[in-house]
Amino acid sequence: MILEKKIENEVVQYLTSLYGGDDWRELIHIQKTRSEFRGDITIVVFPLLKKLKLPPHEAASKIGEYLAGRMEEVRSFNVIKGFLNLEIEPSWWIKYLNRAIRSDFLSDSETVKNVPPVLVEFSSPNTNKPLHLGHIRNNLLGFSISRILEAAGKPVKKVNLVNDRGIHICKTMLAWQKWGNGQTPESAGVKGDHFVGSFYVMFEKALRGEIDNLKEEGFSEEEARKKAPLMEEAYEMLRKWEAGDSGTIELWKTMNEWVYEGFEKTYVALGVDFDKIYYESETYKTGRKVVEEGLERGVLFKKDDGSVWADLQDEGLGEKLLLRPDGTSVYITQDIGTAVIRQEDYNAGRMLYVVGNEQDYHFKVLQVILRKIGYKWADNIKHISYGMVELPEGKMKSREGTVVDADDIIAEMEQTAQKISREHGKLDGVAEQDRQEVVKMIGLGALKYFILKVDPKKNMLFNPDESIDFNGNTGPFIQYTHARVCSLRRKCAGAGIIEKAESPFVNPGGKELDLLKMLYDFPAVLSEAAREYNPALIANYVYELAKEYNQFYQDHPIIRGPDEDVRQFRLLLSVYTGKLIKDSMYLLGADVPERM
RNA sequence: GGUUCCGUAGCUCAGCUGGAUAGAGCAACAGCCUUCUAAGCUGUGGGUCCCAGGUUCGAGUCCUGGCGGAAUCACCA
């Protein structure tokens with residue numbers, strides 16, 4: 001049992017026996033003792049005063065005396081104002097360490113079998129553009145949340161939904177037909193997703209020209225956009241595609257294959273993967289069917305032009321179009337279909353959608369519509385909304401060419417890691433292949449940590465120049481600390497200090513105790529991160545842990561510790577810290593090297 | 001205009017369900033390697049927690065109203 005819980009129980013029991021009542025538990029506020037005071041665990045007694053009818057100091061002393069006399073874990077206490085600071089018996093911390101060493105949070109967590117899985121959707125790329133920095137945040141968040149939930153004992157399925165159809169795809173196809181000259185990624189020597197993306201850009205440029213011309217003839221932007229010949233052609237292509245026109249489908253398949261090859265390379269480079277990939281092209285028809293059924297049952301309605309709508313005015317969300325007058329689907333129709341199919345596939349207990357906060361409205365609407373149509377599981381849907389990645393000059397805009405490409409940034413981070421590694425020269429002795437592996441690990445670790453340490457729901461700024469830092473609050477700093485522990489273990493082994501299964505009882509002090517207490521926090525942080533779907537909590541924790549370890553390392557010699565017991569204790573403290581660093585980084589989707 | 005989110009040091013970010021004197025990193029300056037990896041450690045300076053009210057023993061945190069920024073309110077996805 002967690003110590004805080006045990007203390008809480010004791011206090012509740014004590015106060016209930018003295019004063020009666022049944023609401024003591026919610027009045028008890030327990031927190032860590034701040035480092036400037038003596039003690040480990042603090043009970044804030046202010047909330048209790050009204051019922052106890054005692055001044056703060058007396059109330060705190062009374063509870064303190066009781067706990068010190070009753071619990072062997074409590075060594076002593078002191079009272080400052082309304083704060084009761086409990087000092088925990090040092091041996092308790094050692095016992096905790098020994099218990100923790102034997103367990104493994106990642107593999108021990110009893111995954112409840114035969115329980116509906118949590119579906120985590122993330123990535124969700126469009127097939128008309130390569131992935132960019134925003135997608136990286138999405139992928140890292142989704143992947144990390146999946147690992148955190150698994151570590152917290154939940155069965156997880158990672159799913160991707162590829163938006164492989166719709167007007168934007170037709171634009172790229174049309175552009176390739178017109179200006180592609182039969183080129184392929186191979187013939188052009190360009191990665192498939194980038195190759196296809198360049199045609200989307202071409203299309204948008206040409207369309208802009210047409211719109212501008214029409215505007216000079218007196219049309220408004222909106223009218224011009226509709227009237228532009230390229231746009232009409234694109235819509236014609238979409239109709240042909242939905243009608244199953246073989247030539248159109250053939251082209252679509254070919255170009256999508258190019259894109260998927262490109263995406264796959266990026267996913268591999270990023271180290272993310274999926275249990276299942278859904279394609280919009282395979283789910284939108286189900287969406288249409290579900291909508292048509294809803295129409296028949298009268299929960300949806302049709303307008304005079306033949307378009308189908310959901311009336312969400314009762315929910316304050318207005319009216320939402322679900323099928324165009326010509327019967328073609330829109331974005332949300334497809335999402336309705338995908339949700340229904342997924343529920344059939346997995347009977348999920350929870351469906352998480354890791355999607356940017358620009359789509360907050362979309363997911364509110366999706367959930368309401370599914371509920372309206374009559375799906376009870378609509379309540380299980382949760383949108384994990386995250387903030388945008390911005391650049392110093394503002395939002396990324398493809399038109400202005402300020403988009404930070406995913407492949408580019410991954411490569412850049414690796415190059416920087418390469419350069420710094422060469423400068424340090426610490427890997428000079430190792431085989432080139434191993435060295436490259438470590439360099440990759442560090443570049444990726446830097447990128448992943450940089451992005452995941454920020455609270456997901458907040459917008460974040462990415463400064464390409466300053467962000468590529470490897471000192472201070474960074475991934476490499478954490479990886480370095482792990483490498484340090486590994487190096488220490490090698491040296492200990494060389495010095496004849498053998499790692500035992502448990503630590504002897506010593507009297508830890510200073511940074512030893514601080515570190516020990518921080519190790520004790522890990523399970524609470526993990527469950528908090530799982531409850532909040534928030535990898536940043538893990539990131540912040542592992543950074544603090546690494547910092548704490550480095551301070552300990554500075555203050556307390558291990559190999560040349562004063563006696564055998566202390567050396568053993570410090571070594572095991574180090575080993576376990578290294579393990580938690582590795583585990584935490586694993587939860588963030590990052591690896592740690594044994595030397596760097 | 002409606003709705004939602006955000007506003008903490010020069011910059012990037014922490015700050016758990018309200019708790020003790022608001023913390024890190026970067027940048028600046030000053031120290032620490034013949035000793036376990038200096039991608040490290042230590043120290044100095046740096047704050048009207050956007051503003052104004054309110055709630056209470058206590059507010060960066062909760063409520064109301066402003067100000068500033070972002071997203072969204074598409075027959076784009």
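Values below: every heavy atom of this structure, side chains too, minus hydrogens, waters and symmetry copies. Chain letters run A, B, ... following the sequence lines, proteins first and then strands; every chain starts at 1.
Residue K453(A) places no side-chain N or O under 4.0 Å from the OP1 or OP2 atom of A14(B). Phosphate contact (OP1/OP2 of G7(B), side-chain N/O of K458(A), threshold under 4.0 Å): present. Between R34(A) and G23(B), a side-chain N or O to OP1/OP2 separation shorter than 4.0 Å is present. For G40(B), the OP1/OP2 oxygens have a side-chain nitrogen or oxygen of N471(A) closer than 4.0 Å. Within the structure, a side-chain polar atom (N or O) of Q551(A) is placed less than 4.0 Å from OP1 or OP2 of U42(B). For K171(A) and C76(B), the shortest distance from a side-chain N or O to OP1 or OP2 is not below 4.0 Å. Look at R324(A) and you'll find a side-chain N or O under 4.0 angstrom from OP1 or OP2 of C76(B). At least one side-chain nitrogen or oxygen of Y235(A) sits closer than 4.0 Å to the OP1 or OP2 atom of C76(B).
The stretch residues 415-424 of chain A comes close to RNA chain B through I420(A), H424(A), each having a heavy atom under 4.0 Å from the strand.
Between the OH atom of Y553(A) and the P atom of A38(B) there is a distance of 5 Å, given to the nearest Å. Between the CE atom of M231(A) and the P atom of C76(B) there is a distance of 7 Å, rounded to whole Å. The interatomic distance linking K364(A) (NZ) with C5(B) (C1') rounds to 10 Å, in whole Å. The distance from atom OH of Y353(A) to atom C1' of A77(B) is 15 Å, rounded to the nearest whole Å. Residue I41(A) contributes atom CD1, which lies 18 Å from atom P of G19(B) at whole-angstrom precision.
Nucleic acid contact for E594(A): base, since at least one base atom lies under 4.0 Å from a heavy atom of the residue. At a threshold of 4.0 angstrom between heavy atoms, the contacts of D521(A) with the nucleic acid are absent. Nucleic acid contact class of E280(A) (heavy atoms, under 4.0 Å, all strands): sugar-phosphate only. Residue contacts shown for D326(A) are absent, as no nucleic acid heavy atom lies under 4.0 Å away. The residue I558(A) sits close to a base: some heavy atom pair falls under 4.0 Å. Within 4.0 Å of Q334(A), counting heavy atoms only, lies no atom of the nucleic acid at all. Heavy atoms of Y543(A) sit under 4.0 angstrom from primed sugar atoms or phosphate atoms, though from no base atom. Among the heavy atoms of the strands lying under 4.0 Å from T42(A) is at least one base atom, whether or not backbone atoms are also near.
With salt bridges taken as basic N to acidic carboxylate O contacts below 4.0 Å, one links R435(A) and D428(A). Comment: E319(A) engages K303(A) in a salt bridge, judged by a side-chain N to carboxylate O separation of less than 4.0 angstrom. The existence of a salt bridge linking E292(A) and K285(A) is excluded, since no basic side-chain nitrogen approaches an acidic carboxylate oxygen closer than 4.0 Å.
For A52(B) and G7(B), the C1' atoms lie 16 Å apart once the distance is rounded to whole Å.
Summarising the local packing, NZ of K302(A) is surrounded by 12 or fewer heavy atoms from other residues, nucleotides or ligands at distances under 6.0 Å.
Judged by a 6.0 Å distance limit and a 45° cone about the ring axis, K320(A) is not positioned over the six-membered ring of W309(A). A cation-pi geometry, defined here as NZ or CZ lying under 6.0 Å from the six-membered ring centre and within 45° of its normal, does not hold between R137(A) and Y386(A).
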